[in-house]
Amino acid sequence: MQINAALNAVSGGDALKQAVGIALLSQMKDSQASQAATMLQDFAAAQHPNLGKNLDIRI
């Protein structure tokens with residue numbers, strides 16, 4: 001979706017375009033939040049269970 005088009009609709013004078021633009025922005029925000037949550041869950045699942053528990057130092 002085009003964020004610029006939605007932002008232009010929100011700032012325009014037509015009430016219907018404003019309502020549709022606000023709905024689109026809200027929908028895009030929800031979609032991005034969902035994608036970010038999924039990405040973080042996948043990242044957490046891909047981590048090794050012992051990651052960060054041991055420190056290997058060689059001199």
Side-chain angles (χ1 to χ4, degrees):
M1 286 187 204
Q2 295 290 332
I3 293 177
N4 289 334
L7 287 172
N8 288 338
V10 170
S11 63
D14 188 5
L16 178 59
K17 284 183 181 179
Q18 286 179 346
V20 170
I22 290 170
L24 285 174
L25 284 174
S26 177
Q27 190 177 38
M28 283 185 268
K29 180 191 68 148
D30 293 343
S31 175
Q32 288 176 349
S34 174
Q35 289 173 356
T38 301
M39 186 174 57
L40 288 173
Q41 287 175 350
D42 290 346
F43 178 76
Q47 300 304 306
H48 192 274
N50 293 325
L51 185 67
K53 294 182 181 178
N54 297 323
L55 180 62
D56 294 332
I57 300 176
R58 293 188 178 127
I59 299 176

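Here the structure is a predicted model, which means the values were calculated and not measured. Note that the numbering runs from 1 along the sequence shown for the chain.
- Side-chain contact between L24 and Q27 is present, with heavy atoms from C-beta onward closer than 4.5 Å.
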side-chain contact (heavy atoms from CB on, under 4.5 Å) between V20 and K17, intermediate numbers included: CA-CA 5 Å; V20 170; K17 284 183 181 179; 5.8 Å; no
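- Under the side chain to side chain contact (heavy atoms under 4.5 Å, CB included) criterion, Q41 pairs with no residue, sequence neighbours left out.
- Rounded to the nearest 0.5 Å, atoms CD (Q32) and CE (M39) are 10.5 Å apart.
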